[in-house]
Amino acid sequence: MNPPFSKILIANRGEIALRIMRACRELGIKTVAVHSTADTYSKHVLLADESVCIGGPSSKDSYLNILSILSAADITNTDAIHPGVGFLSENVDFAKMVEDHGMTFIGPSPYHIQIMGDKISAKQTMIGLGIPVVPGTPNGITTEEDALAQAQLIGYPILIKATSGGGGKGMKVAHNNEELLLNMKLARVEAKANFGNDGIYMERYLKQPRHIEVQIIADHHGNVVCLGERDCSLQRRHQKVFEEAPSPALSSKEREALMSTVQKAIKKLGYRGVGTLEFLYENGEFFFMEMNTRLQVEHTITEMITGIDLVKEQLFVASGRPLSFLQDDVVIRGHAIECRINAEDPHNFMPSPGKITTYHAPGGLGVRVDSHVYNGYLVPPHYDSLVSKLITYGVDRPEALSIMERALREYVIDGIKTTIPLHQWLLSKEDVQTGDYTIHWLEKNLP
Ligand code: MV4
C-alpha cells in the first residue's frame with residue numbers, strides 16, 4: 001500500500017509524538033520532529049527522520065508557536081501536520097493556517113473544531129442530531145434576571161460552566177438563588193481570565209455520574225464507525241488517572257444503543273477524522289457534555305479492545321482514503337486498562353522532574369508501555385508530567401486488572417517520584433476491583 005503521505009511534521013512532544021511517529025514508520029511516512037531547547041534529547045527527536053528546534057522551553061515559545069511550526073514545516077517540505085494532543089490540536093486558527101499553507105491538517109475541518117470548541121454550539125448541534133444532552137440553558141446566560149428565570153426551569157442544584165471552557169475550569173455549583181448570583185460573577189471572572197471570553201451557561205448538576213466517552217472515526221466519504229466507549233471516571237482535579245474500556249457500568253444492550261445513536265449522529269454531522277463524545281452517565285441515562293475533535297491520550301485502550309490502530313487510520317482518512325472497515329467489522333473483545341504514570345509525588349501530586357537514574361519497563365503478554373523516557377532521561381519541568389502510559393489487556397476485566405498489578409510491580413523508574421504507588425493503592429481498593437466508582441471516587445478516597 002502506498003503511504004498516505006510522504007512526510008509529516010509532528011507538532012508535539014513526549015509519548016504522543018513517539019506514538020504518532022511509530023505509526024508513520026510502519027506506513028513508510030517520513031517524520032519531522034519539532035522541539036524546544038528543553039527537549040533536544042527527547043526520544044521523539046532522536047527517532048524522527050529530521051528535527052527542527054523551534055524555540056525556548058516555555059510551551060508558548062515552542063509547541064504553541066504557530067509561526068515557528070509552520071516555518072519548520074516549510075523548510076522541511078512536509079505534506080501534513082499532526083498536532084497530537086493538547087497544544088494546538090484544537091486550535092481553529094492553526095488548522096486553518098496549515099491548510100492555507102497548502103498542507104493537510106491531520107484532524108477535522110476547522111468548521112467542526114470551531115463548533116465543538118464552543119460548548120453551547122456543541123450542545124445545540126448534538127440536540128439537533130438526536131443526542132441526549134445535560135438539561136440546561138439553550139443559550140448563554142445574560143442578565144441576573146435571565147439567570148434566575150432559567151434556574152427555576154432547570155431546578156437546583158445547578159452547575160455554571162464557561163462557554164469556551166473544558167477541563168472543569170470556571171465551573172461553579174449553585175444550590176439556591178443567592179449562590180447562583182454570586183457564583184455567576186465568579187464564573188465570569190474565571191472564564192475571562194482562562195479563556196479570554198466571559199460567556200457562561202448553566203446545566204442541571206448531576207451528583208454522582210460516571211464519565212463515559214465514545215470514540216468515533218470518520219472518513220471523507222461519509223463512512224462513520226463507532227469504536228465503543230471508555231470509562232474515565234477516575235480523575236483528580238480534572239486530570240484523568242486511570243481509564244478502562246469497555247466501561248464496567250454498561251450492559252451490552254446499553255452499549256449497542258449508545259454506539260448506534262452516536263454513529264448515526266456523527267454521520268449527519270459530516271464530521272471527518274477521529275473524535276470523542278464525552279457523556280455523563282447516571283441512573284442508566286447518558287447526557288452529552290462536550291466533543292473532543294482530536295486524538296486522545298487514552299485512545300490506546302480502544303485500540304486494544306478493537307485491534308484497530310487509531311493513528312494509522314487517522315492518517316489514512318486525513319489523506320482522503322476511505323476507512324478500511326465498516327461498523328459491522330468492529331468487534332469489541334476483552335478488556336483494557338490504562339494507568340497514567342506521572343512524574344509526581346504520589347502523596348501530594350507535586351511535580352517531580354529530574355533525571356531517571358534506573359529504568360526497567362514491564363513486559364509480557366497483555367502489557368503495552370507507551371513512553372518516551374529512558375535510562376538517563378531528564379524529565380523537564382516545563383510540561384505536563386506524564387512519563388508513561390501503562391496499558392494492559394486481558395480476556396476480561398479481572399485478567400486485565402491482575403496483569404496491571406503484576407506490571408506495576410515490575411516497573412522500575414528511579415531518580416524521580418512517580419505515581420506508580422498511587423496506582424498500586426488504587427488497584428487494591430475493592431470499589432476499583434468491582435468497578436463501582438463515579439467521578440468523585442478518587443478525590444473522596446485519597447488518603
Ligand atoms: C458536570 C458535572 C455534573 N453535572 N456537568 C468536569 C469537567 C467538564 N468537562 C465537565 N465536568 C463536569 N460537568 C453537570 N451538569 C460534573 C463534572 C465533573 C467531572 C466530570 C467528568 C469527570 C470528572 C469530573 C469531576 C468533577 C466534576
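Note that ligands are numbered from 1 as they come in the structure, with each ligand's atoms numbered from 1 the same way.
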(message) Under a 4.0 angstrom heavy-atom cut-off, which atoms of ligand 1 come close to Val134?
(response) 15 (N)
(request) Specify the protein heavy atom at minimum distance from atom 9 (N) of ligand 1: its residue, its atom name, and the distance to 0.1 Å. (result) Glu290 OE2, 3.0 Å
(request) Take every heavy atom of Lys161, measure it against each atom of ligand 1, and state whether any distance is under 4.0 Å. (result) yes
(request) Look only at interatomic distance and state if Arg204 has a nitrogen or oxygen under 3.5 Å from any nitrogen or oxygen of ligand 1. (result) yes
(request) May I ask you to check whether His440 has an N/O atom sitting below 3.5 Å from an N/O atom of ligand 1? (result) no
(request) For Tyr205, take its heavy atoms, then give the atoms of ligand 1 lying under 4.0 Å from any of them. (result) 3 (C), 4 (N)
(message) Students should be able to answer this: which protein heavy-atom is nearest to atom 1 (C) of ligand 1, and at what distance?
(response) Leu159 CD2, 3.3 Å
(message) Between Arg19 and Glu303, does any NZ, NE, NH1 or NH2 come within less than 4.0 Å of an OD or OE carboxylate oxygen?
(response) yes
(request) State the atoms of ligand 1, each with its element, that fall below the 4.0 Å cut-off from a heavy-atom position in His211. (result) 21 (C), 22 (C)
(request) Run the ring-centre check on Tyr377 versus Tyr359 and record whether the distance is less than 6.0 Å. (result) no
(message) For atom 11 (N) of ligand 1, what's the nearest protein heavy-atom neighbour? Residue, atom name and distance, please.
(response) Met171 SD, 3.6 Å
(request) Mark yes when over 12 heavy atoms from residues, nucleotides or ligands other than Lys268 sit less than 6.0 Å from its NZ; otherwise mark no. (result) yes
(message) Within ligand 1, which atoms have a heavy atom of Met289 less than 4.0 Å away?
(response) 10 (C), 13 (N)
(message) Please list, in number order, the atoms of ligand 1 under 4.0 Å from a heavy atom of Glu203.
(response) 5 (N), 14 (C), 15 (N)
(request) Please confirm whether Leu206 comes within less than 3.5 Å of ligand 1 when only nitrogen or oxygen atoms on both sides are compared. (result) yes
(message) Do the side chains of Glu203 and Lys123 get close enough for a salt bridge, i.e. N-O under 4.0 angstrom?
(response) yes
(message) Show the nearest heavy-atom pair for residues Leu323 and Glu313, with the distance to one decimal.
(response) CD2-OE1, 3.9 Å
(message) At less than 4.0 angstrom from any non-hydrogen atom of His238, what atoms of ligand 1 do you find?
(response) 6 (C), 7 (C), 25 (C), 26 (C), 27 (C)
(request) Compute whether any side-chain donor of one residue and acceptor of the other, for Asp146 and Gln150, lie under 3.5 angstrom apart. (result) yes
(request) Measure the distance from atom 20 (C) of ligand 1 to every protein heavy atom, then report the residue, atom name and distance (to 0.1 Å) of the closest one. (result) Ile439 CD1, 3.8 Å
(request) For the residue pair Phe349 and Leu446, establish whether any side-chain heavy-atom pair is separated by less than 4.5 Å. (result) yes
(request) Return yes if a side-chain donor-acceptor contact under 3.5 Å exists between Ser385 and Glu344, otherwise no. (result) yes
(request) Answer side chain, backbone, both or neither: which part of Lys207 comes under 4.0 Å from ligand 1, heavy atoms only. (result) neither
(message) How close do Val224 and Gln263 get, counting heavy atoms only, and between which atoms?
(response) O-NE2, 2.7 Å
(request) Considering only NZ, NE, NH1 and NH2 on the basic side and carboxylate oxygens on the acidic side, decide whether Arg340 and Glu243 come within less than 4.0 Å. (result) yes
